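Below is one structure, written out as structure tokens, with a few remarks after it.
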There are 2 protein chains.
Amino acid sequence: MNRRSVTIVDLAESLGLSKTTVADALKGSGRVAESTRRRVLEAAGERGYMANRAAQQLRTRSAGAIGLYIPPKVRSMSFYMPFALGVADEASHHAWDLTLLTRWPRNGKPANQVDGVIVIDALPGDPVVKRLIDLPVPIVTAGRSTDIPPDRLAAVIEIEYERMCGVVLDRLEALGAGRPALVSPVAGDDLSWSRQLQRGYQSWCDRQRKPSHLVTMPTFPTTDDLATAMAKVLAVQEIDAILFAWQDIATRAAIQLDHLCSTTGRSVSLATIVSSMDHFNNAYLTALDLRPHLFGQSAARLLREVVVEPPNRTIHRLHEAKLVE
Amino acid sequence: MNRRSVTIVDLAESLGLSKTTVADALKGSGRVAESTRRRVLEAAGERGYMANRAAQQLRTRSAGAIGLYIPPKVRSMSFYMPFALGVADEASHHAWDLTLLTRWPRNGKPANQVDGVIVIDALPGDPVVKRLIDLPVPIVTAGRSTDIPPDRLAAVIEIEYERMCGVVLDRLEALGAGRPALVSPVAGDDLSWSRQLQRGYQSWCDRQRKPSHLVTMPTFPTTDDLATAMAKVLAVQEIDAILFAWQDIATRAAIQLDHLCSTTGRSVSLATIVSSMDHFNNAYLTALDLRPHLFGQSAARLLREVVVEPPNRTIHRLHEAKLVE
DNA sequence: TTGAAAGCGGTACCAC
DNA sequence: GTGGTACCGCTTTCAA
């Protein structure tokens with residue numbers, strides 16, 4: 001950007017053509033003769049022409065970028081990095097940049113320039129979300145959110161945690177483990193994934209007429225927290241399976257349990273929600289891969305749709321998590 | 001962006017002032033009378049004026065954004081998310097957007113518009129880095145990199161892994177653990193952090209005239225990998241401390257060791273590199289917090305410096321990791 | 001202390 | 001098929 005680079009006018013001059021023609025040739029709208037088009041393209045390639053995004057944006061009133069907001073509370077969970085990169089990948093497909101929205105810029109600075117925004121897992125009352133609503137661009141949420149008024153919410157894409165929880169539990173049962181416990185982070189608001197999982201678990205137990213055993217612990221537990229929780233689970237003799245609500249904890253818990261069980265001779269099947277296959281390991285009988293990268297891609301694709309054609313009412317879409325063994 | 005929003009001209013008209021005056025008032029350059037300035041600011045606030053970034057960029061030849069490239073291979077490690085958000089935070093301080101660079105955009109699409117680029121932990125031969133070199137903007141690397149020619153490399157900021165490794169080991173020794181083993185991922189290239197840690201460890205052992213015990217394992221090990229490695233470490237009876245080279249593994253290993261040691265009655269002090277205090281727990285005697293968020297901020301601040309004033313030769317700077325107990 | 005006017009590099013719309 | 005020209009909204013320079 002700093003040093004002046006090749007512009008359309010430069011090309012036009014050196015080719016003895018007009019601005020317009022060069023521009024048209026470059027973007028391939030059928031207006032120009034194929035021969036001139038080739039000439040232009042060649043020259044552009046040679047001289048390393050790169051379109052000036054700012055100029056395009058100014059003229060077309062588009063930003064060429066989308067924003068992603070990941071609330072601070074959840075940022076360090078392993079799920080969100082692959083999600084963000086999924087969004088970035090899909091965005092780059094459409095020649096969009098992905099801007100990471102963090103705290104809101106201070107006093108009167110210009111707003112982040114975006115054509116649309118993706119918000120994931122925002123908690124009620126998030127101040128940044130409040131400001132995002134004021135931007136004159138469509139908002140897509142990944143996971144539900146209460147804070148965004150329906151007319152500002154272009155689309156929602158979500159994972160069917162409640163249903164998928166049942167699917168995992170069914171699978172566990174089919175594999176011989178009929179009395180599962182759920183280990184979940186302390187519940188947030190009613191729309192949060194953890195709460196949805198808890199509901200899914202509860203209703204599965206109800207359907208199966210089995211008692212439920214829900215154990216909660218902090219999202220980022222210490223080894224002691226973990227040990228306490230595991231002890232609590234194993235205290236119920238009938239428990240023969242455990243479903244972990246998030247992977248960060250599951251990887252550690254599996255090791256704890258491995259030892260606890262090997263001393264007592266007890267056998268417990270493990271299942272977990274998976275947020276990053278990279279970190280996944282084979283201690284689990286069954287797992288629900290949230291496919292965060294794909295989730296991010298889908299969210300970005302959805303955003304693209306609503307940017308191209310604003311819907312008259314909120315679109316709802318599902319992202320399929322995948323059962324793995 | 002889509003619907004036309006309030007511009008400087010709008011304000012100027014409604015206030016009976018000129019474009020110029022309004023613009024000057026807005027940006028606070030002392031040109032305008034304080035009274036008019038207040039009038040303008042008030043009107044701007046009321047009508048929700050937001051500067052059009054594209055126009056500013058076009059005029060000032062700046063992009064108003066910086067790019068961050070995190071190579072695919074390392075993306076899922078817990079270190080990089082807080083790092084990225086540190087960069088984003090600092091960027092927003094300077095009214096910069098942060099663009100996440102992923103794969104390179106396809107065929108002739110306009111390049112990501114950035115004023116500078118931060119590259120972290122790129123491996124030799126990374127194709128995206130090759131392309132970034134062609135951009136006419138300064139590059140700052142976090143951690144060293146071979147691929148970027150000195151004249152294109154504006155600055156480097158890095159953690160003194162080699163030295164800090166010694167600091168941790170000294171501390172461990174002061175606390176009574178004199179025979180540490182190092183658990184490290186299988187070494188990458190010679191500049192990688194894992195390799196630097198290994199060297200730091202080796203030279204510490206040499207200085208102390210102690211035998212070294214290096215155990216490597218995959219970056220994302222299974223529980224079995226982990227168990228094997230831990231067994232290997234404990235096989236050496238003299239080992240009374242273990243330093244883990246990355247946290248993702250340390251949290252899990254601590255639990256393994258807890259059990260292994262409690263059965264054999266052995267006591268081993270643990271130390272680890274910390275990439276996210278959120279995930280940190282109390283099982284460690286001592287730890288080296290890399291402070292990735294701060295690292296990201298510092299990298300962004302450094303980039304800002306070199307964008308504002310291009311250096312005539314590569315700037316080198318250190319990021320201080322912090323010993324915690 | 002203020003205003004007028006000329007761009008920045010594209011795109012859109014009009015003529016030819 | 002091609003060229004001319006008026007913008008997009010802001011910064012900058014020069015003049016009043």
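The basis for the numbers below is simple: all heavy atoms, side chains too, and nothing from hydrogens, waters or symmetry mates. In the text below, chain A, chain B and the rest are named by the order of the sequence lines, each starting its count at 1. A quick note: this is a predicted structure, and the numbers were derived from the prediction, not measured.
- Rounding to whole angstrom units, CZ of residue A/R38 and P of D/dG1 are separated by 14 Å.
- Residues that satisfy the ring-ring contact (aromatic ring centres under 6.0 Å, His included) test with A/H319, not counting sequence neighbours, are A/F295.
- For A/R61 and D/dG9, the shortest distance from a side-chain N or O to OP1 or OP2 is below 4.0 Å.
- Applying the salt bridge (charged side-chain N to carboxylate O under 4.0 Å, His left out) rule to B/R152 yields no partners; only residues at least two apart in sequence or on another chain are considered.
- Between B/L68 and B/T99 the shortest side-chain heavy-atom distance does not fall below 4.5 Å.
- Listed pair A/Q56 / C/dT11 meets the phosphate criterion, a side-chain N or O lying under 4.0 Å from OP1 or OP2.
- B/Y49 and B/D10 form no side-chain donor-acceptor contact under 3.5 Å, judged by distance and modelled atom types alone.
- Between B/K19 and B/E13, no side-chain nitrogen of the basic residue sits less than 4.0 Å from a carboxylate oxygen of the acidic one, so the salt-bridge criterion is not met.
- The structure places CG of A/L41 at 8.5 Å from CD of A/E34, a figure rounded to the nearest 0.5 Å.
- In the set C/dG10, D/dG9, C/dT11, the nucleotide with an atom closest to the side chain of A/T7 is C/dG10.
- Distances shorter than 4.0 Å separate some side-chain N or O of A/T36 from OP1 or OP2 on D/dT2.
- Remark: A/E46 pairs with no residue by the salt bridge (charged side-chain N to carboxylate O under 4.0 Å, His left out) rule, at least two apart or across chains.
- Rounded to whole Å, the distance from CG on B/L11 to C1' on D/dC10 is 13 Å.
- For A/T21, no side-chain nitrogen or oxygen approaches OP1 or OP2 of D/dT2 to under 4.0 Å.
- The side chain of A/N52 approaches C/dG9 more closely than any other nucleotide in the set C/dG9, D/dG3, D/dC10.
- A salt bridge links B/D97 with B/R53; the closest basic N to acidic carboxylate O contact falls under 4.0 Å.
- Both B/A23 and A/A55 lie close to DNA chain D; mapped to their nearest nucleotides by heavy-atom distance, the more 5′-ward contact belongs to A/A55.
- Distance CD1 (A/I8) to P (D/dG4): 15 Å, rounded to an integer number of Å.
- Each end of the helix from C/dT1-D/dA16 to C/dC16-D/dG1 gets its own rotation axis from five pairs of C1' atoms, and the angle between them is 40° to the nearest 10 degrees.
- Rounded to whole Å, atom P of C/dT11 lies 5 Å from atom NZ of A/K27.
- Remark: P of D/dT12 and CG of B/L58 are 12 Å apart, rounded to the nearest angstrom.
- The distance between atom CG of B/L26 and atom C1' of D/dT11, rounded to the nearest whole Å, is 13 Å.
- The CZ atom of A/R53 sits 12 Å away from the P atom of C/dT11 (whole-angstrom rounding).
- Atom pair A/D24:CG and C/dG10:P shows a separation of 13 Å (rounding to whole Å applied).
- A/T36 places no side-chain N or O within donor-acceptor distance of the main-chain N or O of A/V32, the cut-off being under 3.5 Å.
- Where B/S35 and B/T60 meet DNA chain C, the nucleotide closest to each residue was compared, and B/S35 sits on the side nearer the 5' end.
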Nucleotide N/O of nucleotides 5-7 of chain C paired with protein N/O under 3.5 Å:
from	atom 1	to	atom 2	distance (Å)
C/dG7	N2	B/R59	NH1	3.0
C/dG7	N3	B/R59	NH1	3.2

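- Under the rule for a salt bridge (charged side-chain N to carboxylate O under 4.0 Å, His left out), A/R304 has no partner lying at least two apart in sequence or in another chain.
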